[in-house]
Student: 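Let me give you the structure first, and then I'll get to my questions.
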Amino acid sequence: MHSSDRSREDIRRFVAQAARQDQFLEVVSGEEARARFHRHLDLSPRGEERVPLSAALGRVLSADVAAEVDVPGFDRSVVDGFAVLSADTVGAAEDRPVALRLNDEVLAAGHAPELTVEPGTATVIATGGMLPRGADAVVMVETTEVVERPDGLSVSLTRPATPGAFIAAAGSDIGRGEVVLRRGQALTSREIGVLAAIGLAEVPVVRRPRVAILSTGDEIVAPGQPIRTGAVYDSNGAILAAAVTELGGEPVPLGIAPDEDAALERLVARGLECDALLLSGGTSKGAGDRSHRIVAQLSDPGIVAHGVALKPGKPLCLAVTGGKPVVILPGFPTSAMFTFHGFVAPVIRAMAGLPPALAEEVPATLPVRLGSERGRTEYVMVSLVHGASEDQLAAYPLSKGSGAVTAFSHADGFLAIDAQAEAVEAGTPVSVQLLGRSLTPADLIVVGSQCIGLNAVLGRLIGEGMTVKALNVGSMGGLAAARRGECDLAPVHLMDPVTGTYNTPFLAPGLELATGYRRMQGIVFRRGDPRFEGRTAAEAVAAVAGSADCILINRNAGSGTRILTDRLLGAVRPTGYWTQAKSHNAVAVAVAQNRADWGVAIETAANLYGLGFLPLQEEHYDFVIPAARRDRPAVRRFVEALETPEVTEALRAMGFIR
Ligand SMILES: Nc1nc2c(c(=O)[nH]1)N[C@H]1C(S)=C(S)[C@@H](COP(=O)(O)OP(=O)(O)OC[C@H]3O[C@@H](n4cnc5c(N)ncnc54)[C@H](O)[C@@H]3O)O[C@H]1N2
Ligand code: MOO
């Protein structure tokens, strides 16, 4: 229809509607989005099925289970000995033993007794043997002596037995009719044992909700496939399938859909045969974001919220069709996981018959300042370490952004920053919501600059059974953590720009230094580049410094490598000087992928990416240790391990100098 056919008012409405559709999102609060979602969902368990006991691990009971038998099923002896009448043993003593004539029966386990224990007699009984008629106690074989007499064998007792001694009564473990396990119980090996003990071969369990999982995006590649430049391995598909399983659901992987309507429509239709459908990626406005346009075609009621005022998670799209949840999670893995756990996990749990998860919160202190964007409640993944005293916790932000996949696996929990706050200052008390696992403090806490060489030592300690937590906060961050007593070791490589000396000038009272190793720093370039190949670092810098098309990739201000680069350059500012990478690897990747032509990094990084290397100088990578922690066993073990020939050899093999 041509716009000239319409009245001005019609045109205005038409444009407004089109603009709103095309516009990113109508953002609502997390609570509002959840309320709209739940209003249309059926959160009851997805029916019942019976499974053999051998397949019941991890399943959820759909009904209470009552015992139809007693456990034990009969009064039984819990020791090897003799079944007796306790009245016969009254007064027995070392100097006045009581002799009881042995009956012609041996009560092994599984044998139903035939003879009664009459006064003055006893019957041999094994552990697990059924107590015979007449007997009301068992005496242990160790406290008896068997004597041979003309009228047969007797057992001689030197101490009295109390009624009921060494007997486990029928039903004392589980009584017939007793409810042993309740509906909603997730079955672990412990519950399986109980079910077996009452003789159950089949168990009534909740049918697992089938959850279809679809990753979307032309750039997404399945793990195991070769990867082209610009492509990304599908981590969301694997994470979501595992998370669905953990929550008692059955994942139905639908693979990867390209950004193409027909394929997406077909896969969405297949997904709707399941109890729920999860997509990831393509939920925002970007070119090629198709998923939400396909989901928008669903009805009854279709999309209920698209856009929540949360970070991460803003582009979350929640839909319901005919009572089935259809959710598009943001493509960024941390955002996908966060919104999955916040909005989808409770729904899967309910469908799987599990009770709501209990969220455990612990108080902690924020050791560094955290900036935040106003307008969205921001959740920040944190790693917890004990402070100077055991009852204090410091919550280190794992600020790798929404695109990271490691944040969730490294985090102990997360904290929330109010939508209105622009920052949270260092030292602020915070409340950390723990992620599933329990908080067990690591034996060794390493906070500072991370280096792949560190694995040579830490890997060894972990192999010995030690638990290690290593947080990458850079040299300065590590030094500050050591000063506050929040770590055992802070790996640092800080050069004093005045003297050129490493690390020692930065020590404060109460801090000591363990010598680590050295890393050769130098210029990295693509092999064969004649501007660098065969020259010394100084010659190369002099040759390229004024060239407009020879691009440098610099390091971030404050890093040791930046200080070195600035010393190397003096007053010269080559092209690319203001482009900063945050790590040795990032510098090497930029050069390897031709985004830049040279940079300063360690030799190990150059080797990793097959780059040429012009040595500049050695950088000292040492360990700052708070004196108060020096004698902790884990710290001593670390320092010892560092000195071993094996570790030295492993470091040398990686290109480090010791
Ligand atoms: N102009 C705006 N752009 C963006 C906004 C915004 O408000 N305005 N929001 C940003 C936010 S917040 C997020 S989160 C992302 C999410 O966008 P999409 O859900 O549309 O996701 P994609 O664009 O498809 O992918 C984002 C990112 O994640 C990678 N990805 C996707 N799927 C997977 C997967 N299965 N495994 C691993 N990685 C995956 C993908 O390659 C992209 O790098 O949008 C911002 N943009
Ligand atoms: O809020 Mo988006 O979900 O990561 O950054």
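Ligands are counted one by one from 1 in listed order, and the atoms in each one are counted from 1 as well.
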Student: What's the verdict on side chain to side chain contact (heavy atoms under 4.5 Å, CB included) for Val432 and Asp412, showing C-alpha distance, side-chain angles and the deciding distance?
Tutor: CA-CA 9 Å; Val432 175; Asp412 293 307; 5.9 Å; no
Student: Below 3.5 angstrom, do we get any N/O pair linking Arg376 and ligand 1?
Tutor: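 No, there is no polar N/O contact under 3.5 Å.
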Student: Suppose we measure from atom 1 (O) of ligand 2 to each protein heavy atom; which comes out shortest, and what is that distance?
Tutor: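 Result for atom 1 (O) of ligand 2: Arg376 NH1, 2.7 Å.
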Student: Below the 3.5 angstrom mark, is there an N/O of Ser402, backbone or side chain, next to an N/O of ligand 1?
Tutor: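 No, there is no polar N/O contact under 3.5 Å.
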Student: Among Gly230, Pro315, Gly307, Cys317, which one has a heavy atom closest to atom 13 (C) of ligand 1?
Tutor: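 Checking each option, the heavy atom nearest atom 13 (C) of ligand 1 is found in Pro315.
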Student: Quick one: does any side-chain atom of Asp259 pair with a main-chain N or O of Asp218 as donor and acceptor, under 3.5 Å?
Tutor: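 A pair under 3.5 Å: yes.
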Student: Quick one: does Leu278's side chain get under 4.5 Å of Asn236's, heavy atoms only?
Tutor: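 Side chain of Leu278 against side chain of Asn236, heavy atoms only: no contact under 4.5 Å found.
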Student: Nearest 0.5 Å, please: how far is SG in Cys317 from CZ in Arg293?
Tutor: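 So the CZ of Arg293 and the SG of Cys317 are separated by 11.5 Å.
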Student: Given 3.5 Å as the limit, does a donor-acceptor pair link the side chain of Glu603 with the main chain of Arg519, or not?
Tutor: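 Between the backbone of Arg519 and the side chain of Glu603 there is no qualifying donor-acceptor contact (under 3.5 Å).
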Student: Should the heavy atoms of other residues, nucleotides or ligands under 6.0 Å from CE of Met654 be counted, would the total exceed 12?
Tutor: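 Result for CE/Met654: enclosed.
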Student: Report the part of Asn236 (side chain from C-beta onward, or backbone N, CA, C, O) that has a heavy atom under 4.0 Å from ligand 1; answer both or neither where that applies.
Tutor: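 For Asn236, the contact with ligand 1 is made by both the backbone and the side chain.
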Student: For the pair Ile256 and Ser215, evaluate side chain to side chain contact (heavy atoms under 4.5 Å, CB included) and give the outcome as yes or no after the intermediate values.
Tutor: CA-CA 5 Å; Ile256 300 163; Ser215 301; 4.2 Å; yes
Student: Provide the number and element of each atom of ligand 1 under 4.0 Å from a heavy atom of Lys314.
Tutor: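 The atoms of ligand 1 under 4.0 Å from a heavy atom of Lys314 are 6 (C), 7 (O).
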Student: Quick one: which ligand 1 atoms are inside 4.0 Å of a heavy atom on Ser215?
Tutor: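 It comes down to these atoms of ligand 1: 35 (N).
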Student: Select the closest option to atom 21 (O) of ligand 1 among Ala222, Pro330, Gly331, Ser235, judged by heavy-atom distance.
Tutor: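 Nearest heavy atom to atom 21 (O) of ligand 1 lies in Gly331.
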Student: For the side chain of Arg376 and the backbone of Leu310, is there at least one donor-acceptor N/O pair under 3.5 Å apart?
Tutor: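 Judged by distance alone, yes, a pair lies under 3.5 Å.
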Student: When you compare ligand 1 with Pro333, is there at least one nitrogen or oxygen pair between them that comes in under 3.5 angstrom?
Tutor: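 Such a contact does not occur with ligand 1.
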Student: Does a side-chain N-to-carboxylate-O contact under 4.0 Å join Glu9 and Arg12?
Tutor: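 Looking at Glu9 and Arg12, the cut-off is met.
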Student: At a 4.0 Å threshold, what atoms of ligand 1 neighbour a non-hydrogen atom of Asp234?
Tutor: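 The atoms of ligand 1 under 4.0 Å from a heavy atom of Asp234 are 34 (C), 35 (N), 36 (N).
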Student: Any Lys/Arg nitrogen of Arg526 or Asp597 sitting under 4.0 Å from an Asp/Glu carboxylate oxygen of the other?
Tutor: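 Looking at Arg526 and Asp597, the cut-off is met.
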Student: With heavy-atom distances below 4.0 Å as the criterion, list the atoms of ligand 2 near Pro315.
Tutor: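 Checking each atom against Pro315, I get 3 (O).
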Student: Within the 4.0 Å heavy-atom shell around Pro312, which atoms of ligand 2 are there?
Tutor: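 Under 4.0 Å from Pro312, ligand 2 has these atoms: 1 (O), 3 (O), 4 (O).
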Student: With a 4.0 Å heavy-atom cut-off (strictly under), which part of Glu219 contacts ligand 1: side chain, backbone, both or neither?
Tutor: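 Side chain only.
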Student: Hey, looking at atom 32 (N) of ligand 1, which of Leu240, Thr283, Leu279, Ile220 has the closest heavy atom?
Tutor: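 It is Ile220 that holds the nearest heavy atom.
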Student: Look at atom 43 (O) of ligand 1 and find which of Tyr233, Phe332, Phe338 reaches it with the closest heavy atom.
Tutor: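 The nearest heavy atom belongs to Phe332.
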Student: Is it true that a side-chain atom of Thr283 and a backbone atom of Pro315 form a donor plus acceptor pair closer than 3.5 Å?
Tutor: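 Yes, Thr283 side chain to Pro315 backbone: donor-acceptor pair under 3.5 Å.
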Student: For Lys314, counting its heavy atoms only, list the atoms of ligand 2 lying under 4.0 Å from any of them.
Tutor: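 In order of number, 1 (O), 3 (O).
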Student: Which atoms of ligand 2 sit under 4.0 Å from any heavy atom of Ser335?
Tutor: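 What qualifies from ligand 2 is 2 (Mo), 3 (O), 4 (O).
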Student: Below 4.0 Å from ligand 1: does a non-hydrogen atom of Gly282 turn up there or not?
Tutor: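 Under 4.0 Å: yes for Gly282.
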Student: Quick test: of every protein heavy atom, which one is nearest to atom 4 (O) of ligand 2, and how far off is it to 0.1 Å?
Tutor: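 Heavy-atom neighbour on the protein nearest atom 4 (O) of ligand 2: Ser402 OG, 2.4 Å.
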Student: Can you list the atoms of ligand 1 that are under 4.0 Å from a heavy atom of Val232?
Tutor: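 Ligand 1 atoms under the 4.0 Å threshold to Val232: 37 (C), 38 (N), 41 (O).
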Student: Does the plane of the ring in His584 sit parallel, tilted or perpendicular to the ring in His493? Use 30° and 60° as the thresholds.
Tutor: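 His584 vs His493 ring planes: tilted.
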Student: So is Gly403 close enough to ligand 2, meaning a heavy atom under 4.0 angstrom away?
Tutor: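 No, that is not the case, since the closest heavy atom of the residue is not under 4.0 Å from the ligand.
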Student: When you measure from atom 3 (O) of ligand 2 to every protein heavy atom, which one gives the shortest distance, and what is it?
Tutor: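 Closest protein heavy atom to atom 3 (O) of ligand 2: Gly313 N, 2.4 Å.
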Student: Kindly give the heavy-atom pair with the smallest separation between Pro491 and Tyr621, and that separation in Å.
Tutor: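 What the structure gives for the nearest pair is CB-OH, 3.2 Å.
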